[in-house]
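Have a look at the structure below, then the notes.
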Number of protein chains: 2
Amino acid sequence: MLTSNDLALARQCTLLKALDPADLDHLIDAGSVIRLARNQQLFSQGEPAKALFLVVEGQIKLSRLAPDGSEAVVHVFGVGETFAEAAMFMGGRYPVTATAVTESRLVSISNARLRDQILAKPETAFAMLASMAQHLKLLVAQIEQMKLLTTRQRAIRFLLDQSGQTEGPARFSLPHDKALIAHRLGMKPETFSRALAELAKHGVRMSGSQVTIEDVGRLGDLLSVE
Amino acid sequence: MLTSNDLALARQCTLLKALDPADLDHLIDAGSVIRLARNQQLFSQGEPAKALFLVVEGQIKLSRLAPDGSEAVVHVFGVGETFAEAAMFMGGRYPVTATAVTESRLVSISNARLRDQILAKPETAFAMLASMAQHLKLLVAQIEQMKLLTTRQRAIRFLLDQSGQTEGPARFSLPHDKALIAHRLGMKPETFSRALAELAKHGVRMSGSQVTIEDVGRLGDLLSVE
DNA sequence: CGGTTATTTGACGGGTATCAAACACCGTGG
DNA sequence: CCACGGTGTTTGATACCCGTCAAATAACCG
């Protein structure tokens, strides 16, 4: 069942905020809330795509699985984000596997209804296009990272992103497991751990999942040095 | 000036093939053909986005440039492909730099007109969404490659993709410089060269830019071995 | 033919993965 | 309250892949 908080989230996200309340209600009917336990799969790659999803609680990991069992994490979506928009236009199949990182609640949005909505109100298409453009940008940034940053630099950039600041001291907590973060950054957990350890010299302290950065600006300077 | 061949290309590409001839004509007016010399830049990252482009001759490289001068090649577009669709929805700025790999001819398509077109005929939005979804898929595949394949495996996959076959012997020519291919694959030219050299043991012969593969199927088996 | 640009090859060092083990953290149950 | 197993994290030793630098060779073009 949808809470009022869920609805508030729906009204904020890029994809849905442009809709009239009535249209939004029609897209999200009562039966479309999905609960997932930790590590439970929502869909797997190659499966027919019937819907896209809005995260209202928890985190969802999208990844590609290689035949030998190893996985490449493409992205992790958090509360207020939508994902799998593109699937309905890619031969109707999901190109990735979606798994709950933590216990999660999702709102599913029917592809067919969204399609009708676009036809009825073309402005909706712009919201959809904007949402996909955002994802494209994220992926491009990720490719750039992988291709020309070292593991240490990627770790730094991750911390800077998380801090949400460009200068001064910062304190925040990691969004999930260090192992999962390492995967997102395209490195092994051991390597990520070592990278963090070295950053202690530059004003990064950790206790559990709590991170304290003495001076975000100084940490950022490190990126250009090496 | 547009040739009839250019128009034929426009009618084939994912983005434009759904349009009525009259609408297509309106999008592509006579003044919108652009010629680029080899290595000439079309736009650079951060620049305001006024149009998207269809390649009718040559090849266009999209890349991200780091402050220190190094570049990460995101993709190379060939004849019949459109690019920069997403820019008009990303704050109106190009997130990458576009450069001609060879002498090229492009048709530019005004963002404003395309926007009008979508509003007038919502079906157009689906073509646009499909086109962007394709790009998303490409990027996801690329991230997967970088994260879990070795350089040798990436080289092999590139050759297999280029051959367009899944079994038997193949012969084709490389689409461009080996150095550029290496960049696309996220490795240095030297490394790519060595990877190709080793593949000689497995039935891959090269003379200039001509590639001959004895048995595509056997080459593909190598991917799973290592 | 000469000069420029690609490509190859070699030697070397560093960064990262791998394997393995120790350690910290946490909820459970005795 | 403490023992306990499971999970996540750290640390260490080692190997190897790949990037770097440098030079030789090959291909290309006017």
Side-chain angles (χ1 to χ4, degrees), chain A residues 37-39 59 61 66 68-73 100-103 145-156 158-159 173-201 204-211 222-223 225-226, chain B residues 37-39 59 61 66 68-73 101-103 145-156 158-159 173-201 204-211 222 225-226:
Chain A
R38 175 182 164 81
N39 290 328
Q59 294 167 333
K61 166 184 77 175
D68 71 336
S70 55
E71 74 167 339
V73 175
V101 173
T102 64
E103 190 177 9
Q145 270 210 156
M146 296 278 306
K147 283 190 176 169
L148 37 85
L149 268 53
T150 66
T151 53
R152 170 121 105 258
Q153 288 173 315
R154 278 176 284 177
I156 293 174
F158 178 81
L159 292 179
S173 61
L174 297 175
H176 32 242
D177 273 6
K178 285 181 183 170
L180 178 55
I181 296 173
H183 272 122
R184 278 176 71 170
L185 299 177
M187 65 186 82
K188 297 291 155 183
E190 296 94 320
T191 306
F192 184 55
S193 173
R194 283 185 239 268
L196 287 181
E198 297 213 3
L199 290 180
K201 301 190 189 92
V204 177
R205 293 289 133 72
M206 313 225 29
S207 71
S209 68
Q210 285 293 315
V211 186
L222 266 186
L223 284 178
V225 174
E226 7 189 325
Chain B
R38 173 183 166 80
N39 290 328
Q59 293 167 333
K61 167 183 75 176
D68 70 336
S70 55
E71 74 167 340
V73 176
V101 174
T102 65
E103 191 177 7
Q145 268 210 156
M146 297 277 305
K147 282 190 177 171
L148 38 85
L149 268 52
T150 66
T151 54
R152 169 120 105 258
Q153 289 173 315
R154 278 176 280 172
I156 294 174
F158 178 80
L159 292 178
S173 61
L174 297 175
H176 32 243
D177 275 5
K178 285 180 183 169
L180 178 54
I181 296 173
H183 272 121
R184 278 176 70 171
L185 299 177
M187 66 186 83
K188 296 291 154 181
E190 296 94 319
T191 306
F192 183 54
S193 174
R194 283 184 239 267
L196 288 181
E198 295 211 5
L199 291 180
K201 300 188 190 96
V204 177
R205 292 289 133 72
M206 313 227 30
S207 70
S209 69
Q210 284 294 315
V211 186
L222 265 186
V225 173
E226 10 188 325

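Worth knowing before you read on, the calculation uses all heavy atoms, side chains too, and leaves out hydrogens, waters and symmetry mates. Just so it is clear: chains get the letters A, B, ... in the order the sequence lines come, proteins before strands, and each one is counted from 1.
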Can you check the [X] [atom1] to [N] [atom2] distance for me, whole Å?
| X | N | atom1 | atom2 | answer |
| --- | --- | --- | --- | --- |
| A:Asn39 | D:dG8 | CG | P | 8 Å |
| B:Met206 | C:dA6 | CE | P | 16 Å |
| A:Gln210 | D:dT9 | CD | C1' | 17 Å |
| A:His183 | D:dG8 | NE2 | P | 12 Å |
| A:Gln153 | C:dG14 | CD | C1' | 14 Å |
| A:Leu199 | D:dT10 | CG | P | 12 Å |
| A:Phe192 | D:dG8 | CZ | C1' | 13 Å |
| B:Leu180 | C:dA6 | CG | P | 11 Å |

Contact state string [nucleotides 18-30 of chain D, B base, S sugar-phosphate only, - no protein heavy atom under 4.0 Å]
SSBB---------
Heavy atoms from C-beta onward define the side chain here; which of D:dT11, C:dA6, C:dT9 lies closest to that of A:Ala197?
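So the nucleotide nearest the side chain must be D:dT11.
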Between side-chain atoms of residues 178-193 of chain A and protein atoms elsewhere (two or more places apart, or another chain), which donor-acceptor pairs fall under 3.5 Å?
unit_1   : atom_1 : unit_2   : atom_2 : d
A:His183 : ND1    : A:Ala179 : O      : 3.3
A:Arg184 : NH1    : A:His176 : NE2    : 3.1

Looking at every non-hydrogen atom in both residues, tell me the closest pair between A:Leu149 and A:Arg154 and how far apart they are.
O-NE, 3.5 Å
Between the side chain of [X] and the main-chain N/O of [Y], is any donor-acceptor distance below 3.5 Å?
| X | Y | value |
| --- | --- | --- |
| A:Arg38 | A:Ala100 | no |
| B:Gln59 | B:Pro175 | yes |
| B:Arg205 | B:Val211 | no |

More than 12 heavy atoms of other residues, nucleotides or ligands under 6.0 Å from CD of B:Gln210: is that the case?
yes
